[in-house]
Every structure is written in structure tokens, then in C-alpha cells.
Engineer: 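Sharing a structure below in C-alpha cells format, with a few things to ask.
Atom set for the values below is all heavy atoms of this structure, side chains included, hydrogens, waters and symmetry mates excluded. Just so we're on the same page: letters track the sequence lines, and every chain starts at 1.
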Amino acid sequence: MELSKNYLPTIIESKWYAHWLSKDYFSSKPDHREPYTIVIPPPNVTGVLHMGHCLNNTIQDILIRRARMQGKNACWVPGTDHASIATEAKVVAMLRERGIAKSSLSRDEFLGYAWEWKEKYGGIILQQLRKMGCSLDWDRTSFTMDAHYYASVIQVFNDLYKKGHIYRGKRMINWDVKAKTALSDEEVIYKEVQSNLYYIQYPLEEGGTITIATVRPETILGDAAICVNPHDERYKHLHGKYAIVPLIKRRIKIIPDDYVTVDFGTGALKVTPAHDMNDYQLGQKYNLEVIDTMNDDGTLSEAAQLYIGEDRFAVRKKIVSDLEAANYIEKIEAYTNQVGFSERTDVVVEPRLSLQWWVSMKKLSNPALDAVMNDEIHFHPAKFKNLYRHWMENIKDWCISRQLWWGHRIPAWYTTDGSFAVANNADEALEQLKKITKNEQLTIEQIKQDDDCLDTWFSSWLWPFEVFNGLSNKDNEEVNYYYPTNTLVTAPEIIFFWVARMIMAGYEYKLEKPFKDVYFTGIVRDKQGRKMSKSLGNSPDLLGLIDQYGADAVRFGIMIASPAGNDILFDESALEQGRNFNNKLWNALKLVTMWKGKLAKANSKNTLASIDSSTEAIAVDWFENRLNQVAREVDSLLNQFKLSEALKTLYSLVWDDFCSWYLEWVKPGFEQPIDAVVYNKTVLFFEQLMQLLHPFMPFITEEIYHLLNDQSDDLCVKHYFATKQENHEILDAGELLKRVITAIRDARNKNQIKPKDTIQIYIQTEQPIAYKKIEAILMKQVNAIHINYTSEAIPNTILVNIEKDKFFIEADKELDTVAMKEGLLKNLAYENNFLASVIKKLSNEKFVANAKPEVIALERKKQADAEARISTIEASLKTL
RNA sequence: GGGAGCAUAGCUCAGUUGGUUUAGAGCAUCUGCCUUACAAGCAGAGGGUCCGCGGUUCGAACCCGUGUGCUCCCACCA
């Protein structure tokens with residue numbers, strides 16, 4: 001079969017993915033084997049694949065494919081998250097385009113549209129994962145609003161309520177005025193903003209004024225007090241006196257409290273309990289009136305008295321000009337401050353007082369904190385333990401209600417008089433409410449379920465067990481087999497949102513950790529180090545990249561640049577490197593398959609020792625040892641989750657050791673046959689390399705595996721070969737050969753001997769046997785026609801020193817003795833300096849007295865070796 | 001404001017308990033090659049005050065202190 005000039009991934013990739021699926025290789029059932037389980041961090045059902053997913057899922061696929069090849073029962077569970085805020089926002093936007101307002105729909109009608117949308121677009125990201133080669137068990141595809149999942153969420157809510165961990169309370173919360181919903185603290189992103197600091201004079205009741213500074217002048221309509229520091233001499237005479245709020249003329253008290261900083265602004269703070277977290281706390285302390293001047297959409301309410309129904313930012317402008325007109329503004333300063341924005345809708349968050357559902361975290365968090373601190377759950381890299389501890393030790397209650405329709409509806413029912421009951425369904429709630437209200441006549445029509453939904457994370461924290469129906473069908477065979485899962489791969493950004501909470505839910509509901517290892521990936525940034533984001537437009541089109549470079553190249557590119565826990569700077573040139581690597585493999589395949597037609601008959605013994613030329617025996621022996629050595633290294637790196645390093649190591653093994661050295665060493669001369677034993681060994685090595693690489697680059701490795709040898713099995717499920725302990729003598733012999741070849745090639749280069757010009761080599765050595773063995777390879781690799789041995793220097797030749805041995809290169813060429821001398825002198829200077837530093841060390845009595853014997857022995861050897869090299873160089877200089 | 005982390009070649013990073021490290025790799029750069037697998041390639045080379053300063057030690061890229069610069073997390077002083 002004719003192989004294409006370059007590797008063409010597209011057809012090959014879809015061919016193998018379809019083949020693997022048809023063989024059911026990715027599906028897993030409990031059996032006698034050791035399980036290896038990963039649950040995917042479920043992407044938003046609205047999501048499309050971006051670089052973060054690419055990194056994250058490539059890592060998971062590497063781990064899963066490796067486990068599969070280790071003979072474990074690998075199970076990688078796919079799925080999506082209903083992502084309440086994000087999805088609801090998309091559906092609302094879609095409806096708006098069709099000219100439908102959400103407010104014109106009933107809840108059921110809206111949910112109808114939402115499900116329709118989910119069915120149509122919800123699977124896109126899962127299809128995209130197939131393109132990347134991800135070996136997920138598609139039969140297990142889960143969704144956080146599947147019927148059993150929904151039921152479990154409701155059950156957990158009921159259970160935590162019964163245990164007293166869930167309560168309903170009025171609190172200051174972060175309010176998203178666009179989505180009209182509460183946000184948890186984690187969903188607020190603070191950004192630096194250029195604001196103004198307005199200095200506003202409030203008239204004092206007894207005459208005169210007091211000036212306060214604020215960035216939010218529109219909130220003065222809700223002012224309930226002015227607060228000053230008790231020790232501030234400027235205001236001591238005003239404690240307990242009254243000031244008048246401009247424009248609306250409300251009378252407010254001046255109170256002292258340590259909270260106020262003397263040297264900020266004017267040292268006087270206006271207190272607006274309804275619209276600021278800290279002011280609210282002051283309000284509680286001094287029993288101040290809470291005047292909520294804002295509606296849920298960010299417009300001003302009746303309570304504001306002025307500008308009713310107008311937007312908060314419009315009002316800010318208006319009130320400033322009105323205050324200026326009435327001479328209340330003393331001055332306006334430019335001021336940079338941090339303002340909270342909604343993570344989902346990017347509007348300025350409004351602190352707002354509201355009645356919400358909460359989870360009390362303290363008790364739930366204790367076992368989860370311990371599990372990570374005593375390494376029952378391992379974090380990779382471990383530095384995230386600190387971060388985790390800090391958050392867990394200062395954990396605050398979790399606001400879980402969201403004013404949305406898309407999600408798990410809060411299972412609480414209310415009567416018109418405000419009584420409520422938490423239950424699994426309306427009927428149960430009715431029974432409870434009859435008792436609570438002591439009204440046996442209460443009917444189901446008279447009670448109403450809470451309109452709100454639960455925070456998305458309140459469902460995703462059950463993911464590691466509920467994908468196996470672990471709560472809805474307790475202790476079933478599957479959950480018992482697969483749980484706890486092995487590795488969670490996720491971004492450090494969601495360590496609190498999700499990781500911490502899964503650990504809590506795991507201990508609460510399974511009495512067991514949800515996973516053994518957590519691998520935190522870095523954040524994918526662009527070349528300039530900026531985070532990839534839609535608004536910056538710096539996220540590349542992943543599917544476009546896969547089309548352009550191939551999935552294997554994309555996987556390679558993203559992995560080669562991503563050390564564990566460090567951010568990765570994404571650069572398309574890494575994908576080029578990946579593509580080039582694929583091409584290199586492809587060309588090596590072309591070379592080896594070319595040999596197939598030209599096999600020399602293997603002799604009867606068919607063993608390496610029988611190969612008539614010792615040349616190939618050495619090459620084969622060396623590479624076999626090298627391959628086994630690296631296979632062990634890679635295994636150890638992967639055990640430590642050093643995936644990037646493992647890939648780099650394999651890359652170098654394939655490119656340098658296999659292609660640049662080994663294949664060149666065994667390559668037969670033009671039109672010459674290759675020994676069958678060598679050929680078979682070479683094919684075996686190539687297969688083993690493909691095995692090692694398969695988890696990283698599944699497609700090309702599978703293709704090459706089949707093209708090499710027409711195998712009936714598939715690499716995807718083939719178990720790893722057993723590695724052998726490497727022989728260091730053989731490895732050293734290989735290294736020596738490489739060194740000699742490189743040094744002679746360098747000498748050829750420096751003396752401008754054309755590649756086609758042949759040379760003769762004279763070796764002066766005490767160990768000719770070592771070189772006899774490698775003569776043939778050496779000649780081939782440096783284009784020498786003869787290798788001779790000599791006991792004395794050969795005049796008019798180029799000299800190369802390797803340790804104590806000398807190589808005299810005879811070429812049909814004028815020699816540049818000046819340059820050679822310069823080179824030798826440079827070398828000599830280096831060696832002399834080195835020797836001096838060693839001697840200095842050895843002549844230090846304290847060193848000899850204190851250092852370990854093996855360290856001293858080593859220094860002595862360094863000295864002897866350096867001295868030998870120096871005398872060799874000196875001798876060479878004399879011959880010039 | 002509180003905390004964590006990082007600083008090694010032009011770039012991205014390795015460098016295990018301090019001693020085969022006057023420091024390695026990939027990419028980029030330079031030189032020579034269209035050598036029958038591969039120019040998306042081959043061969044070779046150059047490139048570093050291990051952020052500054054001080055200390056511990058026989059010995060420091062590594063440990064300690066300090067300064068500088070960067071990144072992230074938490075808090076959110078109006």
C-alpha cells in the first residue's frame with residue numbers, strides 16, 4: 001500500500017473513533033477487575049468546547065486510556081450540567097429574538113421552551129468531545145436534571161432541612177438585577193472601576209452642615225443615619241444630634257462607631273442599611289430603619305420618594321445634578337474602587353435584603369476539611385491544600401435559592417398566611433401544613449410551591465455518586481463498584497464552588513470520599529498571558545484547530561505546554577510541533593514498511609546473536625534497553641501526575657533515540673535487504689512506542705499499529721508490554737557511540753568537510769575492543785571509509801578527543817590548524833578551571849573531614865578524569 | 001487590608017533529602033545540507049551574575065532572613 005507523503009489525520013480519526021465505538025471499548029460494566037473511574041466535570045449544557053475543556057478532557061482521556069491499557073476496568077462518565085442561570089439567560093435571549101417576553105409566559109410554558117432548547121443544543125459539546133478522541137462511556141451520559149437526579153436533589157434538600165442544616169432567612173445578598181436573582185458570594189466578581197467620590201453636605205438640625213463622602217449618591221434616599229468614629233475630635237460634639245437628608249429632608253441621627261475610618265473621605269459615613277452589607281450590620285447594631293429604595297430590576301421604588309421607576313445609574317446622574325443645583329455638593333473626586341459584577345450577566349451586583357434559603361456549612365465542612373488535610377484525598381499539586389483549608393476554616397453559609405425557573409424547584413410549600421412546609425411533594429406538604437395551620441380543611445389548591453430554584457451547585461455536588469444512582473437507588477451494584485471514583489480533573493477556579501462541596505456531599509451521603517486524587521489543571525491563557533474569554537475574543541476555535549492540525553496534534557500541543565497546576569500559555573506553534581511530531585511518526589512508518597519488501601532471509605536460529613553483522617545487534621540491544629528504561633520513567637511520571645513531562649520524555653524517545661539514532665543505525669544501505677530478525681525487532685519496538693504514546697495521541701498510534709503489522713486486535717485495549725530492567729553497560733555503550741558520532745560530525749562541520757566527502761579515522765585508545773563493536777555504525781554515521789587503530793598521533797589530521805581517546809580524522813582537505821588550536825586552547829582553559837575548582841575543594845581540610853566518603857571519592861574521580869583530559873589535550877596541542 | 005505562590009537561556013519550563021550541575025530540555029536563533037522516511041526535514045553550534053543583598057554550611061539554584069518585581073486567592077473603607 002502506498003502511504004501518503006504527509007500524515008492526513010481527518011479521515012483516520014473519524015475511522016478509528018467509529019471503530020472503537022462499534023467494538024464498545026469505552027463502555028464499562030462492573031466485573032472482577034479493578035475499576036478506574038472518572039466522572040467528567042459536567043460542562044454547561046449550553047456550552048461549546050473551548051480551550052479549557054480541551055485541556056481538561058485531554059488529561060482525563062490520558063488517564064482513562066492508560067488505565068484501560070493497564071487492564072483496569074476504565075469507566076469515564078460523560079454528562080452535562082443544567083447550569084440554571086446561564087441556560088435560563090440563553091433561553092430568555094432566544095425567546096426575545098422570537099419576540100416573546102419571559103414575563104408573558106407561565107412557568108410551564110417557559111420550561112417547555114427551555115427543554116426544547118436543551119434537546120436541540122444540549123448535546124453539542126458531547127459531540128465535540130468525540131472529535132477530540134475522548135473515550136467516554138456514552139451509554140452513561142447523565143444530566144443534572146434527569147428524573148432520578150432531580151429526585152435525589154429534592155431528597156437531599158429535605159434531608160438537610162430535617163437535620164437542621166437548611167434554613168430560611170432574611171439576609172443581605174448579592175442581587176443580579178438583570179437575571180433578577182440572588183447570587184452566592186462566589187458568583188460575584190470584583191473589578192476595578194473608575195468612579196467618583198461625591199462629597200455631600202447634609203444640613204444639621206441645629207444649623208451648619210456635616211459632609212459625607214459616597215460613591216453611590218443615589219442611595220442617600222435610603223439613608224438611616226450618619227456614622228462617625230467615636231474618637232474623631234471633629235465630630236464629638238455631634239454624637240446623638242440629627243442631620244437632614246438632602247432633597248427628601250429625612251431626619252437622621254449621627255451615631256459613633258469604630259467601624260468608621262477617621263482618615264477616609266471626611267470621616268463621616270452615611271448609613272444605608274438596605275443597600276450595603278456593612279451598613280446593614282450597623283443598622284442591626286443600632287436598630288436603624290431599613291429603607292429599601294430599590295426594586296428587583298434596579299429601578300427606584302416608592303420608598304425612594306424621588307425618581308421612582310428610574311434606573312439606578314440614570315438616577316445617579318440626575319441626583320448629582322439636582323444636588324449640585326441645590327448646592328449640596330462640596331466637591332467631586334475621581335476615585336478608583338472595586339465593584340462587584342455578576343459572573344453570569346456581568347451587571348453591577350446590588351446588595352439587597354431578601355428572604356432566601358441557606359445551607360449552614362460548619363458541620364458539613366468539618367469532615368471535608370479533614371479528608372484533604374490528612375491526605376485521604378490527594379490534591380495535585382499539593383499547594384492547593386492551603387487555599388482549601390483557608391476557605392473551609394472561614395466558610396460562610398451558602399445561599400442556595402435562585403429566582404429562576406430552570407432548575408430544581410425548591411420543595412417548600414406556602415399557605416397564604418405565610419406558613420410553610422418542606423416536603424418531597426405537594427401531598428406530603430399539604431399534610432404537614434394541615435397540622436401546622438391546624439386547618440384540616442386546607443386543600444392542595446390553597447398551597448403554593450416556592451417559585452425559586454436551587455443553585456446549580458446544589459445538584460452538581462451529588463455528581464460523583466448520583467451518576468451511578470447512588471442516592472436514588474442506594475447501595476446498588478454500580479455505585480458500590482465505581483465509588484469512590486479515582487481522579488477528579490478540574491480547574492482551581494471551582495475548588496470552592498464544586499470540589500469542596502462534592503467532598504462534603506460524599507461524606508454526608510456516602511460516608512466516603514468522592515475521589516482519591518484531584519488534579520488541578522492550570523488556566524489556559526493566550527500568548528500574552530491573558531485569560532481566554534469570549535469578550536476578549538482570544539479563544540481560538542477548537543474545532544477549526546482540530547481540522548487544521550488533527551486531534552492528536554491539538555492534544556499534543558496543549559499537553560506539552562501544561563505542567564501540573566501552572567497556567568498554560570497557549571500558542572499555536574505548540575500545535576505545529578504536534579503536527580510535525582505526527583508527521584515524524586508517519587515517516588518513520590514509511591521507512592519501516594519500505595523494508596518489509598526487502599527482508600534478508602532470517603537464518604535458522606532466528607536470534608539476535610545470529611545476526612552476522614554485530615552492527616545491528618548492538619543497535620537493537622541498545623534501543624531495547626533504552627525503550628524499557630524510558631517506559632519505566634514514563635510510568636513513574638504518570639503515577640505522579642506529571643503528564644507534561646511524561647509526554648516530553650516520550651517525544652524525545654521517539655524522535656531522538658528511535659528515529660535519529662536507532663533507525664539510522666539499523667537502516668540498510670541503498671537497495672540492500674534488512675535482516676529479518678532486526679526488522680521484526682524494529683516493528684516490535686515501534687509497536688511498543690505506539691502503546692506508550694497511545695493515551696496522548698490515540699488516533700495516529702492506532703493507525704500505525706495496524707499498518708505496521710496488520711494486527712487483528714486494537715491498540716486501544718491492548719495491555720501494556722511488561723518492562724524489563726535495563727542493562728546499564730549496554731546503555732553506556734550506546735551513549736559512547738552517540739558521543740563519538742556527534743564529536744566527529746562536529747569536527748567535520750567545523751572543518752567544512754562536505755557531507756558527501758568521505759574520511760578515514762584513526763583511533764588511539766587503550767580499549768580498541770569497545771570501538772571494534774561499533775565500527776560499522778560509526779563508519780556509516782560519519783561517512784568514513786576506514787577505521788584504523790594507531791598507537792601514535794597521525795600528522796595532518798583533524799583531532800577529536802573523547803576522554804582519554806583520540807580520533808584522528810584524515811580528509812582530502814586543507815586543515816585550518818589555527819582554528820583547531822584555538823578550539824583546543826579553549827577546551828584546555830575550561831578543563832583547567834574545572835580542575836582548579838575540584839582541587840580547591842579537595843584541599844579544603846574541612847571538606848575532606850565533613851563530606852560523605854562517596855562525595856569525596858567522586859571529587860577524586862573528577863580530578864583524575866580532568867587531569868587525563870588535560871594531558872590528552874596538551875599532547876594534541878604538541879602535534880599541531 | 002489579610003494570605004498564598006512564583007522569579008533559572010530570547011520564550012515556556014525541568015532541576016528529587018544541599019555534593020557526578022562552573023546548571024538541563026523543548027521552542028526560537030545561527031551555520032552547513034534538497035543525503036532515496038521525513039525541508040512539517042537532516043547534521044552541528046551558540047546562548048545563563050540560577051532576580052538583588054545578607055546569612056547558615058566544608059559546600060547553596062536548592063535552606064534562612066531581607067529587598068524588588070510579577071501572579072493568584074480572600075476581604076470589599078463608604
Engineer: With respect to the phosphate group of B:A37, does any side-chain polar atom (N or O) of A:Trp655 fall under 4.0 Å of OP1 or OP2?
Structural biologist: no
Engineer: Report the C-alpha separation of A:Gln863 and A:Arg860 in whole Å, then their side-chain angles, then the decisive distance to 0.1 Å, and conclude whether the side-chain hydrogen bond (donor to acceptor under 3.5 Å, both in side chains) test is met.
Structural biologist: CA-CA 5 Å; A:Gln863 181 186 4; A:Arg860 293 241 156 83; 5.3 Å; no
Engineer: Using only side-chain N and O atoms of A:Lys270, determine if any of them is under 4.0 Å from OP1 or OP2 of B:A78.
Structural biologist: no
Engineer: Less than 4.0 angstrom between a side-chain N/O of A:Thr593 and OP1 or OP2 of B:A37, yes or no?
Structural biologist: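 A:Thr593 to B:A37 OP1/OP2: no side-chain N or O under 4.0 Å.
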Engineer: Return yes if the base of B:A37 and the side-chain atoms of A:Glu664 contain a donor-acceptor N/O pair under 3.5 Å, otherwise no.
Structural biologist: yes
Engineer: If you compare every side-chain N and O of A:Arg745 against the phosphate oxygens of B:G44 (OP1, OP2), does one of them come in below 4.0 Å?
Structural biologist: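 The answer is yes; a side-chain N or O of A:Arg745 sits under 4.0 Å from OP1 or OP2.
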Engineer: Taking the same atom, P, in B:U56 and in B:C62, what whole-Å distance lies between them?
Structural biologist: 15 Å
Engineer: Measuring to OP1 and OP2 of B:A39, would you say a side-chain N or O of A:Lys584 lies under 4.0 angstrom away?
Structural biologist: no
Engineer: Using a cut-off of less than 4.0 Å, is there contact between a side-chain N or O of A:Lys846 and OP1 or OP2 of B:U57?
Structural biologist: no
Engineer: Looking at A:Asn583, I'd like to know whether one of its side-chain N or O atoms comes within less than 4.0 Å of OP1 or OP2 on B:A40.
Structural biologist: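 Answer is no, no contact under 4.0 Å.
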Engineer: For A:Cys659, which contact category applies under a 4.0 Å heavy-atom criterion: base, sugar-phosphate, or nothing?
Structural biologist: base
Engineer: Are OP1 or OP2 of B:A43 and a side-chain N or O of A:Ser660 less than 4.0 angstrom apart?
Structural biologist: yes
Engineer: Check the phosphate of B:C72 against A:Tyr190, side-chain N and O only, distance under 4.0 Å to OP1 or OP2. Yes or no?
Structural biologist: no
